[in-house]
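Take a look at the structure below.
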Amino acid sequence: MTSSQQCPHDSVSVLDKEFLQDPHVHYSWMRESDPTRRVVTVTGMPVWLVTRYADAKAALTDPRLSKDYRGIGRITEREVERGAQRADISESVQAHMLNMDPPDHTRLRKLVVKAFTARRVEALRPRIEQITGELLDEMAATEHAGDVGIDLLDEFAFPLPIRVICELLGIPEDRRDEFREWSNTVVSGQDPQAAEQAAAAMADYLLELVEEKRRKPMDDLLTALIEASEDADRLSGGELIAMVFLLLVAGHETTVNLIGNGVLALLRDPEQYRLLREEPERAASVVEETLRFDGPVNLATFRYTTEPVMVGDVEIPAEELVLVALGSANRDSDKFDTPDRFDQDRATNGHLAFGHGIHFCVGAPLARLEGQIALRRLTERFPTMELAVPDEQLSYRPSTLMRGLEQLPVRLA
């Protein structure tokens, strides 16, 4: 469906699984006909959805759109009383910088940036290359053993970033499958009770881990966060747990979907795959176009209006929840020509895949580095890789936050 075609009014009233399977077709209609629209999530939570690029970019930096989790909690509680559902997530994993405004956000980000430096990220390059090579060898051996294909997400896109972020934070690798299950449940937004339980389980483990790192400091990011200080300021125990929760979830979720969505875009267009295979130095451009074309984050996390705010031609009243559709903004034809076409040669400057403004993703350099290495090495090692199932059999995870496939079956040879 193109933006000139009609989209049923009700099809963009609920952010349900059907909507999430192909949000771009709905976003196209909304950008043209109803760019700032009140909808409800699958749990019945009413939100305002912002879909145009210019409006989205402005909303991401508007101080009247607060990120403070306490204010968001107050508004969601009001809606729960009206019949909506929500996950009662403990403050121990909510009190991180993504859920705060200045000056709290400023203080926390300053401390985290001291530990999450460009030097530390670049130092990971040899290890990321090594892990990538090991996973590619394992994939080749698995398919050679007689399987008709493999799930690229299970065998490659998930284990690469989870191993990297666990090593970076100093988390034992044998917990990675638990983290994947917990993280998937928390970000899905589909089952509030399950999300509560998953967040609580992760918080309990992270509390134990922080205490262990205090007793036995190591050369890892978690120890660096514990020791980071600014004018005698340090992260409290609760802030540490929330920050590690954020880094752990965001540190692998984003990259899993970046790799999966990038590979799918390449496999759907053999010419784009050939270009990367023959010119590996294109990997950085491929990653940026993947971020624009089908980025790993569909909707930015909740904001709320502290006063009435004009978004485009629509006034959103005070005390209302707002979701900025990053995936829609990056397909806005007012910003990008032929936005529904994957083109690694386009200028992607200004895409909003990692947000914009003071909440720009602190882990963006790591996600980019992992994505570049992963896509370059995949195409070099498996030059004739192809989908192992018809395209129409692919399905996306039912998550309002993340944009990622449930499985990506491929044949390597």
Side-chain angles (χ1 to χ4, degrees), residues 24 121-122 124-140 142-143 149-161 164 252 254-297 327 330-331 336-351 353-354 364-389 391 394 403-405 407-413:
H24 294 297
V121 170
E122 182 58 31
L124 291 169
R125 182 183 293 273
R127 181 59 179 144
I128 296 172
E129 292 275 7
Q130 181 183 3
I131 294 172
T132 300
E134 292 170 358
L135 291 172
L136 294 176
D137 289 342
E138 293 170 10
M139 289 163 59
T142 298
E143 186 168 72
I150 65 169
D151 180 1
L152 191 77
L153 300 186
D154 273 348
E155 303 296 331
F156 185 72
F158 168 72
L160 172 59
V164 171
H252 85 270
T254 301
T255 310
V256 170
N257 297 318
L258 170 59
I259 295 171
N261 295 355
V263 170
L264 178 59
L266 291 169
L267 294 181
R268 282 172 165 170
D269 189 335
E271 175 62 14
Q272 296 291 316
Y273 194 93
R274 182 192 65 79
L275 287 172
L276 176 58
R277 183 180 67 239
E278 295 181 356
E279 301 176 50
E281 64 274 12
R282 287 175 168 269
S285 297
V286 172
V287 164
E288 294 309 308
E289 175 63 348
T290 299
L291 289 166
R292 183 208 67 83
F293 178 75
D294 209 10
V297 181
N330 288 333
R331 295 273 192 111
F336 300 102
D337 292 334
T338 59
D340 294 324
R341 182 167 64 89
F342 185 89
D343 179 7
Q344 58 189 269
D345 288 323
R346 83 163 65 244
T348 57
N349 297 341
H351 73 68
F354 288 121
L366 178 58
R368 284 180 160 122
L369 178 61
E370 291 176 304
Q372 291 167 19
I373 292 173
L375 294 178
R376 171 176 56 81
R377 295 286 298 274
L378 266 172
T379 53
E380 289 175 340
R381 182 67 178 272
F382 305 117
T384 59
M385 182 169 59
E386 61 183 7
L387 286 173
V389 297
D391 197 290
L394 298 174
R403 170 71 173 167
L405 294 159
Q407 294 181 317
L408 183 53
V410 299
R411 282 187 290 269
L412 303 176

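With sequence neighbours excluded, the residues satisfying side-chain hydrogen bond (donor to acceptor under 3.5 Å, both in side chains) with Asp391 are Arg268. Taking the salt bridge (Lys or Arg N to Asp or Glu O under 4.0 Å) definition, one finds that Asp345 meets it with Arg282, sequence neighbours left out. Arg277 meets the side-chain hydrogen bond (donor to acceptor under 3.5 Å, both in side chains) test with no other residue; sequence neighbours excluded. Under the side-chain hydrogen bond (donor to acceptor under 3.5 Å, both in side chains) criterion, Asn261 pairs with no residue, sequence neighbours left out. Every residue meeting the side-chain contact (heavy atoms from CB on, under 4.5 Å) condition with Thr338, not counting sequence neighbours, appears here in chain and number order: Arg341, Arg346. Phe342 is linked by a ring pair (Phe, Tyr, Trp, His ring centres under 6.0 Å) to Phe293, counting only residues two or more places apart in sequence or in another chain. Under the rule for a side-chain contact (heavy atoms from CB on, under 4.5 Å), the partners of Pro339 that lie at least two apart in sequence or sit in another chain are Arg292, Arg331, Ser333, Phe336. Applying the salt bridge (Lys or Arg N to Asp or Glu O under 4.0 Å) criterion to Arg368, with sequence neighbours excluded, gives Glu288. Checked against side-chain contact (heavy atoms from CB on, under 4.5 Å), Asp269 has the following partners two or more places apart in sequence or in another chain: Glu271, Gln272. When the salt bridge (Lys or Arg N to Asp or Glu O under 4.0 Å) test is applied to Glu278, the partners found at least two apart in sequence or on another chain are Arg274. For Glu134, the salt bridge (Lys or Arg N to Asp or Glu O under 4.0 Å) partners two or more places apart in sequence, or in a different chain, are Arg163. Every residue two or more places apart in sequence or in another chain was checked for a side-chain contact (heavy atoms from CB on, under 4.5 Å) with Ser285, and none qualifies.
Between Thr255 and Leu160 there is no side-chain heavy-atom pair separated by less than 4.5 Å. A 4.5 Å side-chain heavy-atom check between Phe156 and Thr132 finds at least one atom pair inside the cut-off. When side chains are defined from C-beta on, Val389 does not count as touching Gln407, because their heavy atoms never get closer than 4.5 Å. Contact of the Ile128 side chain with the Leu366 side chain is registered, since non-hydrogen atoms from C-beta on lie closer than 4.5 Å. Thr384 places none of its side-chain heavy atoms less than 4.5 Å from the side chain of Arg411. Contact annotation: the side chain of Leu387 approaches that of Leu264 to within less than 4.5 Å [non-hydrogen atoms, C-beta and beyond]. Looking at heavy atoms from C-beta onward, Ile373 lies in side-chain contact with Arg125 at the 4.5 angstrom threshold.
Taking each heavy atom of Gly260 and Ala157 in turn, the nearest pair found is N-CB, 4.4 Å. Nearest heavy-atom pair, Pro161 versus Val256, reported as atom, atom and distance to 0.1 Å: CG-CG2, 3.7 Å. Considering all non-hydrogen atoms of both residues, Leu405 and Asn257 come closest at N-OD1, 4.4 Å. Of all heavy-atom pairs spanning Glu155 and Leu135, the tightest one is O-CD2, 3.9 Å. The shortest heavy-atom contact between Pro296 and Leu291 is CD-CD2, 3.7 Å. In terms of heavy-atom proximity, Glu289 sits nearest to Asp343 at OE2-N, 2.8 Å.
Of the candidates Asp294, Asp340, Asn330, Asp294 is the only one forming a side chain to side chain donor-acceptor pair (under 3.5 Å) with His24.
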Stepwise side chain to side chain contact (heavy atoms under 4.5 Å, CB included) check, Met139 with Leu378: CA-CA 10 Å; Met139 289 163 59; Leu378 266 172; 4.0 Å; yes
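Without hydrogens or angle criteria, Arg377 side chain to Glu129 main chain gives a donor-acceptor distance under 3.5 Å.
Between the CD atom of Gln344 and the CG atom of Leu276 there is a distance of 6.0 Å, given to the nearest 0.5 Å. Between the CD1 atom of Ile131 and the CG atom of Leu136 there is a distance of 12.0 Å, given to the nearest 0.5 Å. Remark: Thr142 OG1 to Ile150 CD1 distance equals 6.5 Å, nearest 0.5 Å.
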